[in-house]
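What follows is a set of notes on a single structure, which appears directly below.
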Amino acid sequence: IHQIQMNIVRLSLPRFAFASRLISPSATTVTTKLHTTATSRDIDQAAKYIGAGAATVGAAGSGAGIGSVFGNLCIAYARNPGLKQQLFTYTLLGFAVSETMGLFSFMMAFLILYAF
């Protein structure tokens, strides 16, 4: 009966290694080997580089945002010099948020390159 159950499991779920453990702990597990070729590895590496390059586009947006924040600070200070300290506080907050987005884009690029 044990052999019949093992054959049923192997026929119905051939790719799952844990399927034979459902019947008995002493049963052999079904495993498959993963074959990769040089071409497949090259395509994967190229996809990593393309993905990392696309992820760094956010750094350009960060640079544009920082320029916009400080440009608007100059305009606001020229219109109302009495609010210098309050305007500068808001400017630093805008700079921090914009720079954080740029750093997140670089972090994603490095994760794509080195974690996967």
I'd like to know if the side chain of [X] reaches the main chain of [Y], judged simply by a donor and an acceptor atom lying under 3.5 Å from each other, with no hydrogens or angles considered.
| X | Y | answer |
| --- | --- | --- |
| Ser98 | Phe95 | no |
| Ser68 | Ala64 | no |
| Thr56 | Gly53 | yes |
| Thr91 | Leu87 | yes |

From [X] [atom1] over to [Y] [atom2], what is the distance, rounded to the nearest 0.5 angstrom?
| X | Y | atom1 | atom2 | value |
| --- | --- | --- | --- | --- |
| Glu99 | Phe104 | CD | CZ | 11.5 Å |
| Arg79 | Asn72 | CZ | CG | 9.0 Å |
| Ile66 | Met101 | CD1 | CE | 12.0 Å |
| Met107 | Phe110 | CE | CZ | 11.5 Å |

Checklist entry - Can Ile112 be reached from Val57 by stepping across I, L, V, M, F, W or Y side chains whose heavy atoms are under 4.5 Å apart? => result no
Checklist entry - Are Tyr90 and Leu73 close enough that some pair of their side-chain heavy atoms sits under 4.5 Å apart? => result no
Checklist entry - Of the non-hydrogen atoms in Ala52 and Ala109, which two are nearest, and what is the gap between them? => result O-CB, 3.7 Å
Next on the checklist: Could you report the tightest heavy-atom contact between Ser105 and Ala59, atom names first, then the distance?
Outcome noted: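 Reported closest heavy-atom pair: OG-N, 3.4 Å.
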